[in-house]
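Input: a single structure, listed below in C-alpha cells.
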Amino acid sequence: MLRKENSFQIVVFAFFSILALMVRNTATIVLLIACQIIIWIVNHYKQNDALHFAKKKAEIEKVEANVRADDAFDKLVKLINAIPSPLVYINQKGDFEVSNQYFDQLIEIESKDVYDVHIDSPIRQILLDAFLNEKQFVRQFNYKDIDFQVLSIPLVAEGNRYNGCMLIFQDVTRVVEGEKMQKRFIADASHELRTPITSIKGMIEILTREGFDDKETEVEFLGQIKKENNRLDKIVEDLLLQSKLRANQVYLEKTVFNLKQFFDGLVYERRQELHQANIEVVINCASNLEVQADQFRLSQVFLNLFNNAINYAENGKIQINCSTGNHKVTIEFIDDGTGVKPEILPHLFERFYRGQTSRARDSGGSGLGLAISKSIIEAHEGTISVTSKENEGTTFTIELNQE
Ligand SMILES: Nc1ncnc2c1ncn2[C@@H]1O[C@H](COP(=O)(O)OP(=O)(O)OP(=O)(O)O)[C@@H](O)[C@H]1O
Ligand SMILES: [Mg+2]
C-alpha cells in the first residue's frame with residue numbers, strides 16, 4: 001500500500017533528481033543524493049517509532065483489559081461467595097469450575113468433578129442427574145436433617161452447544177416445617193371439630209327415631225348436646241382469635257394498670273373455683289408495679305394459666321412473682337403440681353396440643369389455651385416460656401417490655 005510518508009519521499013526524490021540533472025555539477029549531485037539518503041533514514045526511523053508506539057499502546061491496552069477482567073472475576077467470586085446458598089457451575093467436562101464456600105462445605109471434601117465417588121451419594125446423584133440430563137429441574141431432598149430445594153440450570157454456548165450446568169441449593173427446612181405444621185393443624189382442627197359434631201349427630205338421630213319415648217334419656221342427651229355445642233363454639237372462637245392474633249389483626253387496647261391489683265382481682269373472680277380445688281394463691285408483686293398492656297387480653301392468659309393449674313397440676317399452691325430489670329417486667333406463674341414430662345414440654349404451646357394424661361383429655365379443653373396465650377404475649381412484643389420438673393411443678397415465665 002502507498003503510504004503518505006512514502007509518496008512524500010518519492011516526490012522529494014523526484015524533485016532533487018530533476019534539480020541534480022539541471023545543475024549538472026558532481027559535487028551538488030553528491031550533496032543532493034546525501035540529502036536524499038538522510039531524509040530517507042530519518043523517515044525510516046520515524047516510521048519505526050510509529051510502529052513501536054502502536055505496538056506499545058496495544059500491549060498497554062491488553063494489560064488494562066486483563067486487569068479489568070481480573071477485577072470483574074474477583075467481583076464475581078466475591079458475589080458468588082456472598083450468596084448464602086451452595087452454588088456450583090459444572091463445566092461441559094463435568095469439572096466444578098466455579099463453586100462457593102457453601103458448596104464446598106456441603107460436599108465436605110475437596111472434590112474436582114461430578115464423578116468423584118467420595119461425594120455422598122444423595123448429593124452426587126443430583127449433581128450427575130443435572131450434568132448428564134442437560135435439563136432444567138427443581139427438586140427437593142433431605143440431607144443430614146436439612147431439607148434442600150435444588151435448582152439446576154443447563155447452560156448453552158454458541159451453536160446451541162451444551163456448556164455444563166449451574167446448580168443452586170436452597171435450605172428450605174423452615175418452609176417444609178411450616179407446611180408440615182399447616183397440614184397437621186388442618187388435620188387436628190378437623191378432628192377436634194368432628195368429635196363434637198359426630199356426638200351431636202348421634203344423639204339427634206336417637207332422639208328423632210320413630211317411637212322414641214324416653215324422657216330421662218332425652219333430658220340427658222339435650223344436656224350433652226348443649227355441652228358439645230358450647231365446646232364447638234369455644235373451639236371456633238379460639239381458632240378465630242388465634243388466627244387474628246397471628247395475623248396482627250387484633251387491636252390491643254393498652255392501658256397502664258397496677259399488676260398487683262390486677263392479680264388480686266383475678267384471684268377474687270376465681271375464688272370459688274380455687275377454693276373448691278383447694279388451691280392457695282400467693283402473689284409477690286410490689287404494690288406500685290405498673291405495666292402498659294391490654295388488660296382484657298392479659299387476663300385471658302392468666303385465666304388459662306389458672307385453669308391449667310387447677311385442671312392438670314393437681315397441686316395445692318400457685319405463686320405469682322413479679323420483678324423488674326432491663327426495661328422488662330417479669331411475671332412468673334409457679335405451681336408445685338405434677339409437672340410435665342421433658343419430651344412433651346416443647347409441644348405445650350402448639351395448637352391443639354393436649355398432654356397424654358387422661359386428665360388433659362377429659363378436661364374438655366381444646367388445647368388452644370397456651371397457643372393463644374403465646375400469641376397474646378407476642379402481640380405485646382413479649383415472651384412466654386415454660387420450665388417443668390415431673391412431680392415438682394411447672395413455671396410459666398412472661399416477660400413484657402416496660403415502656
Ligand atoms: N400447669 C400445668 N401442669 C401440667 N400440665 C400442664 C400445665 N399447663 C398445661 N399443661 C398441659 O399442657 C396442655 C396444653 O394446655 P392448653 O392450655 O394449651 O390447652 P388445654 O388446657 O388442654 O385446653 P384449653 O386451654 O384450650 O381449654 C394441657 O392439655 C396439659 O396437658
Ligand atoms: Mg388451658
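Atoms considered below: every heavy atom in the structure, side chains included; atoms not considered: hydrogens, waters and symmetry mates. Counting starts at 1 for both ligands and their atoms, in listed order.
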request  = Kindly state each residue pair satisfying ring pair (Phe, Tyr, Trp, His ring centres under 6.0 Å) with at least one member in residues 144-172, sequence neighbours excluded.
outcome  = Phe141-Phe148
query = Charged N to carboxylate O under 4.0 angstrom, Glu192 versus Arg231?
reply = yes
ask   = For Gly337, is the nearest heavy atom under 4.0 Å from an atom of ligand 1?
value = no
Under-4.0 Å salt bridge between Arg174 and Glu177 = no
inquiry  = Tell me which pairs pass salt bridge (charged side-chain N to carboxylate O under 4.0 Å, His left out) where either residue lies in residues 140-155, with sequence neighbours left out.
reply    = Glu108-Lys144
request  = Using modelled atom types only, decide if a donor and an acceptor are shared between the side chain of Asn100 and the backbone of Leu87 within a distance under 3.5 Å.
outcome  = yes
query = Where the closest heavy atom to atom 7 (C) of ligand 1 is concerned, which of Phe349, Tyr353, Phe352, Tyr312 has it?
reply = Tyr312
message = Restricting to distances shorter than 2.8 Å, give the number of protein N, O or S atoms close to the Mg ion (ligand 2).
response = 2
query = Side chains of Asn304 and Gln300: do they bring a donor and an acceptor to under 3.5 Å?
reply = no
request  = Run the numbers for me: atoms of ligand 1, each under 4.0 Å from some heavy atom of Leu348, listed by number.
outcome  = 12 (O)
remark   = ligand 1 atoms nearer than 4.0 angstrom to some heavy atom of Arg354 are 22 (O), 29 (O)
inquiry  = Other residues, nucleotides and ligands only: do more than 12 of their heavy atoms fall within 6.0 Å of NZ on Lys201?
reply    = no
query = Val340 heavy atoms, cut-off 4.0 Å: which ligand 1 atoms fall inside?
reply = 4 (C), 5 (N)
inquiry  = Does anything in residues 77-93 form a side-chain hydrogen bond (donor to acceptor under 3.5 Å, both in side chains)? List the pairs, not counting sequence neighbours.
reply    = Asn91-Glu97
message = Which of the numbered atoms in ligand 1 are under 4.0 angstrom from any heavy atom belonging to Gly367?
response = 18 (O), 19 (O), 20 (P), 22 (O), 23 (O), 24 (P), 26 (O)
ask   = Considering Thr394, Asn308, Asp335, Leu370, which one's heavy-atom position lies nearest to atom 1 (N) of ligand 1?
value = Asp335
ask   = Is it the side chain (CB and beyond), the backbone, both or neither of Asn304 that lies under 4.0 Å from ligand 1, heavy atoms counted?
value = side chain
key: Salt-bridge criterion met for Glu237 and Lys234 (N-O under 4.0 Å)   = no
